[in-house]
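Here is the naming used below: chain letters follow the sequence lines, and residue numbers restart at 1 for every chain. Just so it is clear, the structure is predicted and the values come from calculations on it, not from any experiment.
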Amino acid sequence: MFEWFGLVSYCPHTKVAGFAQHLKDGRLMGSRCDACGRVSFPPRADCPDCRGAAFTFTEYGGAGTVVTFTRIAAAPAGFEGRTPFTIGVVDLDEGGRLLAWCGGTLDEAALAIGQRVQVVPRLFEELEAIKVHYTLEAPGTTWAKA
Amino acid sequence: MARVGIIGCGQTAFGRRSDATVQELAFEAWRAALDDAGVEPDVVEATVVGSVPEYHKQRSLPGVIQEYLNLNPRPVWLTEAACASGSAALRTAWLEIAAGVHDVVAVIGCQKMTELETAEILALMGRVGDVQWESGFGTTFPGYYAMFARRHMHEFGTTSDQLAAVAVKNHHYGAANPKAMFRKEITVAKARASEEVSAPLSVYDCCANADGAACVILAGERAARALGKDRVVWLDGMGCASDSMSVLRRSDLTGLPSARAAAAQAYAMAGVTAKDIQVADVHDCFTIAEIMAYEDLGFCGRGEGGAFIDARGSYIGGAHPVNLDGGLKAKGHPIGATGVSMTCEIVSQLRGECGPRQVPGASIGLTHNVGGIGQYCFVNVLRRD
């Protein structure tokens with residue numbers, strides 16, 4: 001089900017495909033290595049520290065801080081109708097980073113490095129196929145979980 | 001380790017070349033390099049091709065190039081390291097000679113970026129990052145460098161005017177380079193007024209896709225002497241490093257750790273420091289990339305790249321003249337050819353052949369060629385005895 005992740009999915013087959021199912025259920029998941037306990041976000045199947053092959057998904061709260069961002073005016077295939085759109089890189093409080101769109105509860109024009117944000121799991125509700133992603137929202141934004 | 005030098009170099013003009021196939025472009029560069037070296041093809045024992053295959057209709061490009069150059073059955077293969085593919089080919093040829101396998105090897109960097117339809121280019125543009133975690137959000141090359149620029153501005157106070165000043169310099173020198181794609185001067189005001197691509201970068205912060213080829217012929221020291229070559233430029237410092245594909249796993253968003261690592265290797269091997277570099281060609285795929293390169297190469301301190309261009313430190317007469325061929329910005333960026341073309345430019349500078357854009361008396365130069373957003377970086381120190 002990893003083909004659910006992202007507006008355009010290039011990478012349907014992965015050992016962490018369960019990530020997209022959890023995201024659909026409203027849960028943002030990192031991975032914890034079963035052997036050494038290392039936590040990774042984005043999740044990964046193979047531990048870079050101990051080379052362990054077994055992992056368990058672990059839920060993230062999703063609070064974080066904006067590290068950098070840009071507003072993209074010239075877009076690649078599949079994103080033409082959405083320009084301009086703003087993407088930001090966020091350092092998660094629980095470790096690791098993600099890249100996501102700026103969501104509706106934030107003022108894109110006022111977005112700043114160092115700003116606190118909440119990562120919120122999202123469905124593309126206008127699309128018929130199941131497609132999931134996450135957005136950067138104002139701290140305290142809540143959402144439903146399955 | 002045997003000393004390896006460049007005995008000949010040549011390149012096509014860069015720009016839109018709707019009149020030629022990629023192997024025809026390669027032949028132009030090859031012919032120019034042979035003429036420059038004053039050797040016949042029979043001394044060249046092997047070829048290495050640097051190119052990025054997904055831009056070409058022809059699959060497995062080295063096969064058709066080696067055939068068209070009339071060099072079968074001598075060995076050939078492709079090296080790929082995104083926009084640093086040309087420097088990867090150069091390094092491979094250097095290794096072949098340094099290892100004692102061959103005495104003379106040709107390096108061909110080539111790219112035809114105008115064969116594809118716009119839709120195909122937009123599709124490729126969507127896969128430049130980590131496709132698993134980033135591309136699904138519509139990231140682009142300018143987008144990544146824009147995020148570096150935003151962070152550099154935040155930490156060091158770098159301005160859009162300083163970014164534009166890099167473009168102004170590179171167009172200034174590009175105007176004097178007959179091989180350059182854009183041969184006209186621009187102003188900071190014109191650059192600042194250009195259309196936004198990915199904030200804070202606009203059109204004049206970005207280099208242009210181009211067609212073109214470049215070729216250098218390498219020889220080991222003994223072979224160069226045996227051929228009677230007395231104006232050899234030596235590859236005395238060869239640095240190469242890597243970093244994460246994903247921007248999510250970068251330790252630094254204001255510079256390229258791979259560039260710093262590659263520079264440290266190249267300086268150590270050549271027995272020089274940054275202050276010894278008299279002329280450099282650096283990878284200005286975006287204006288912010290040149291400012292980061294000043295810092296990563298040690299031409300100025302961390303965060304001082306904006307002040308360095310303001311003080312004209314990268315102009316002729318400054319501490320470290322940079323991109324006197326116009327850089328990727330004005331010369332154009334046929335991605336597989338770029339690293340080899342940079343090498344041609346520094347060879348020409350060290351031989352004193354660059355006319356109005358010559359650094360007087362330069363004997364030590366440097367190339368800095370980045371693949372992707374720093375996944376690969378090659379830094380080489382070149383010297384004329």
(message) Quick check on the interface: out of B:Arg249, B:Glu195, B:Gln132, who has the most heavy-atom pairs with chain A under 4.5 Å?
(response) B:Gln132
(request) Starting at CZ of B:Arg250, measure out to OG1 of A:Thr68 and round the result to the nearest 0.5 Å. (result) 13.0 Å
(request) Sort A:Val67 into side chain, backbone, both or neither according to what part of it lies under 4.5 angstrom from a heavy atom of chain B. (result) both
(request) Sort A:Phe19 into side chain, backbone, both or neither according to what part of it lies under 4.5 angstrom from a heavy atom of chain B. (result) side chain
(message) If we define contacts as heavy-atom pairs under 4.5 Å, which of A:Pro12, A:Pro42, A:Ala74 has the most with chain B?
(response) A:Pro42
(message) Using a 4.5 angstrom heavy-atom cutoff, name the option from B:Val128, B:Leu124, B:Thr139 with the most pairs to chain A.
(response) B:Thr139
(request) Tell me, yes or no, whether the heavy-atom count around A:Glu125 atom CD, taken from other residues, nucleotides or ligands under 6.0 Å, exceeds 12. (result) no
(request) Report, as yes or no, whether the 6.0 Å neighbourhood of atom NZ on B:Lys184 holds more than 12 heavy atoms from other residues, nucleotides or ligands. (result) no
(request) Might you point out which heavy atoms bring B:Ser135 and A:Tyr10 nearest each other, and give the distance in Å? (result) CB-CE1, 3.5 Å
(message) Just verifying a value: how many Å separate A:Phe41 CZ and B:Leu248 CG, rounded to the nearest 0.5 Å?
(response) 8.5 Å
(request) Decide yes or no on ring pair (Phe, Tyr, Trp, His ring centres under 6.0 Å) for A:Tyr134 and B:Trp133, but give the supporting numbers first. (result) CA-CA 11 Å; A:Tyr134 32 62; B:Trp133 299 104; 8.0 Å; no
(message) Using heavy-atom distances under 4.5 Å, tell me whether A:Phe5 contacts chain B through its side chain, its backbone, both, or neither.
(response) side chain
(message) Ignoring hydrogens, what is the shortest heavy-atom contact between A:Ile72 and B:Gly138? Give both atom names and the distance.
(response) CD1-O, 3.4 Å
(request) Looking only at non-hydrogen atoms, find the nearest pair between A:Ala75 and B:Leu122 and report the distance. (result) O-CD2, 3.5 Å
(message) How long is the straight-line distance from CD1 of A:Ile113 back to CE of B:Met147, given to the nearest 0.5 Å?
(response) 11.0 Å
(message) Could you check whether atom CZ of B:Arg16 has more than 12 heavy atoms from other residues, nucleotides or ligands sitting under 6.0 Å from it?
(response) no
(request) Using a cut-off of under 4.5 Å on heavy-atom pairs, state which of A:Gly88, A:Pro84, A:Gly6, A:Pro76 scores highest against chain B. (result) A:Pro76
(message) Using 0.5 Å steps for rounding, measure from the OG1 atom of A:Thr135 to the CZ atom of B:Phe137.
(response) 9.0 Å
(message) Does any backbone or side-chain atom of A:Pro43 lie under 4.5 Å from a heavy atom of chain B? Answer side chain, backbone, both or neither.
(response) both
